[in-house]
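This report refers to the structure that appears directly beneath it.
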Amino acid sequence: MKQYYEEVKMKQMKSSDTPSLSVERTRESQARSKTPYLVLSGHVKPGQTSDPKSGFAAAEKDLSRGLTSVTHAWFCIHSSPNPKSIHDAVASFNRIRHMHPPPSILHINKILGSIVKSKHYRTAISLFSQAEFKGFKPCLFTLNILINCYCHLGKMGFAFSLLGKIVKMGYQPHTITLTTLMKGLCINNQTEKSMEFHDEVIAKGFQLNEVSYGTLINGLCKAGKTRAAVQLLHKLKTQAVKPNVVMYTAIIDGFCKEGLVNEACDLFSEMVGLGISPNIVTYSSLICGFCSKGQWQETTRLLKEMASKDINPNVYTFNIMVDAFCKEGRFKEADAVFSKMMKYGKKPDVVTYSALMNGYCLSNNVKESKEIFNKMVRKGLTPDVWSYNILINGYCKIKMVDEALSLYKEMCQKNLVPITITYSYLTDGPGKSGTTSYVQNLVYEMHGSDHSPDIITYGILLDAFFKSQHLDDAITLCDEIVDRGVQPDVYMYSILIDGLCKGGKLNMARDFFNHLLIIGCQLGVYTFNIMVNGLCKEGLFDEAMTLLSKMEENGCMPDSVTFETLIRALLQKKEDDKARKLLSEMSARNLLRQ
DNA sequence: TTAGGGTTAG
């Protein structure tokens with residue numbers, strides 16, 4: 001493994017992704033304002049990321065994917081003040097960047113906002129870095145937009161360092177700033193930290209509102225902590241911020257996803273009892289719950305109830321029903337919903353077509369699925385990663401691997417980034433001997449093109465290789481990645497260590513992990529947990545406990561996952577006393593939230 | 001409409 005990925009390179013990778021949540025009230029802050037403010041101990045400079053895709057070059061690359069220099073110039077001249085596409089927005093930005101006198105920050109924010117709306121987070125960050133270099137000073141709005149971008153890119157360290165910047169610049173973090181950060185933690189699987197952050201900001205006297213709590217409650221539900229979400233909701237009843245339809249709907253949806261439709265209905269009644277009216281989102285969530293259980297009578301009842309309240313089904317509602325019918329193989333009914341959808345003036349979208357495609361694939365009718373795919377394209381819709389995945393999976397299942405690989409190539413050429421499951425379909429299961437290296441070659445072929453694979457692509461591929469038990473291929477891939485000049489990051493090391501542990505190569509995983517520690521690589525709790533889990537699975541409990549101490553020595557605090565892993569291992573070994581001791585410690589550390 | 005929340009497809 002390339003001598004542990006070339007030690008020197010790795011030292012540069014000292015992770016900045018671990019959020020720094022230390023919130024302190026300083027004397028200086030109290031002297032300046034009656035309202036406390038936050039001081040962050042983050043050390044990362046936003047805009048100076050080590051991410052190879054960051055920087056202005058990445059934005060230029062994004063642009064070059066869709067624009068020739070001629071069309072680019074055209075946009076620079078003719079772009080509207082309210083850009084409608086990412087191309088318009090980037091062009092507008094470049095245009096105003098060179099204006100004399102320079103435009104107001106408001107103008108910059110408007111454009112950044114529109115770029116973010118189309119989810120081009122990297123582009124927004126890169127463009128602003130360039131503007132800042134030219135002397136533009138961000139305002140609170142700008143920084144909030146950028147925090148949102150970093151959150152969506154999973155770069156919580158950067159997001160929190162911007163909170164520090166807000167304070168440094170003399171701004172007061174807004175409720176929106178704090179809510180965005182809480183959401184960032186939630187969408188990056190750190191709901192515990194989000195709750196801790198919530199506790200801290202409340203303790204410091206900051207105000208949160210309905211949106212903040214809606215965000216937290218939804219985060220908890222999405223993490224499968226629906227009961228905790230209910231507790232939080234009920235706690236709100238005695239507070240200034242009151243429960244609303246969004247909070248109730250998030251939990252109703254959470255219960256439905258867990259198959260607990262009765263609990264969802266109880267909550268629905270509770271909400272109505274409080275005088276909060278359900279809306280189309282609430283009804284769609286409930287309909288989804290009933291549909292997935294095949295309770296069509298209840299679905300019909302809800303549709304009638306909606307009609308009586310003059311609430312019309314929307315595209316989501318129809319898609320939920322199309323999907324449910326398709327999964328039961330009831331294509332006639334699915335078609336009827338499809339027709340009704342159009343009658344209501346709701347245009348079927350990529351999700352509608354994909355639900356149909358998926359249904360036909362499940363019935364092994366891949367030919368019909370492909371027909372629907374083609375029909376969708378003829379209708380002017382652009383298939384996305386899911387649409388391709390459905391077909392790739394369909395072809396793989398009927399052993400038409402060549403067709404699947406050809407679709408894989410097509411999706412990459414269309415600039416769609418495959419996800420782990422794409423590679424799993426292609427490399428997992430029978431009849432795929434040789435496919436692994438073929439996929440690998442396709443990825444390599446993309447080097448130097450507009451679709452050049454990056455660290456994310458390689459991470460996904462590596463994960464898929466491990467999951468499909470292609471250990472040797474995975475190890476070879478690691479070497480190949482370094483040879484191709486891609487700088488592995490802590491996330492990739494985690495995939496590698498996890499894959500080695502699960503593939504029965506614990507010694508190799510442990511050696512690599514220890515090597516990372518020796519050279520001073522700052523590993524986060526996620527990576528430590530992987531190693532703890534690997535050791536526990538092999539019954540090396542004492543070593544796992546030693547690692548628990550070691551992680552704290554390395555400045556990494558164990559979390560609930562660390563303790564749960566150790567406790568589970570102890571219980572399996574019937575070491576109940578030791579498990580109980582650890583449980584107390586977990587409780588003392590306030591890690592028992594649910 | 002200068003920044004943040006809930007519903008659909010593997």
Send over the distance from Phe141(A) CZ to dA3(B) C1', rounded to a whole Å. 6 Å
For each nucleotide in nucleotides 5-10 of chain B, reading 5' to 3', give B when a protein heavy atom comes within less than 4.0 Å of its base, S when such contact involves only the sugar-phosphate, and - otherwise. BBBBBB
What pairs with Glu333(A) under salt bridge (charged side-chain N to carboxylate O under 4.0 Å, His left out), at least two apart in sequence or on another chain? Arg330(A)
Atom CG of Leu178(A) and atom P of dG4(B): how far apart are they, to the nearest Å? 14 Å
Send over the distance from His107(A) NE2 to dA3(B) P, rounded to a whole Å. 14 Å
Hits for ring-ring contact (aromatic ring centres under 6.0 Å, His included) against Tyr344(A), two or more places apart or cross-chain, chain-then-number order -> Phe318(A)
Kindly write out the residues that satisfy ring-ring contact (aromatic ring centres under 6.0 Å, His included) with Tyr388(A), not counting sequence neighbours, or none if the list is empty. Phe373(A)
With rounding to whole Å, what would you report as the distance between dG5(B) and dT1(B) at their P atoms? 12 Å
Sorted by chain and number, sequence neighbours left out, salt bridge (charged side-chain N to carboxylate O under 4.0 Å, His left out) with Glu403(A) holds for none
Indicate the ring-plane relationship of Tyr360(A) and Phe331(A), choosing parallel, tilted or perpendicular according to the 30° and 60° boundaries. parallel
Measure the distance from CD1 on Ile111(A) to P on dA3(B) and round it to the nearest whole Å. 13 Å
Any ring-ring contact (aromatic ring centres under 6.0 Å, His included) involving residues 213-261 of chain A? Give me the pairs, sequence neighbours left out, ordered by first then second residue. His198(A)-Tyr213(A)
Measure NE2/His174(A) against P/dA3(B) and give the value in whole Å, please. 12 Å
Between P of dT2(B) and CG of Leu106(A), the distance in whole Å: 6 Å
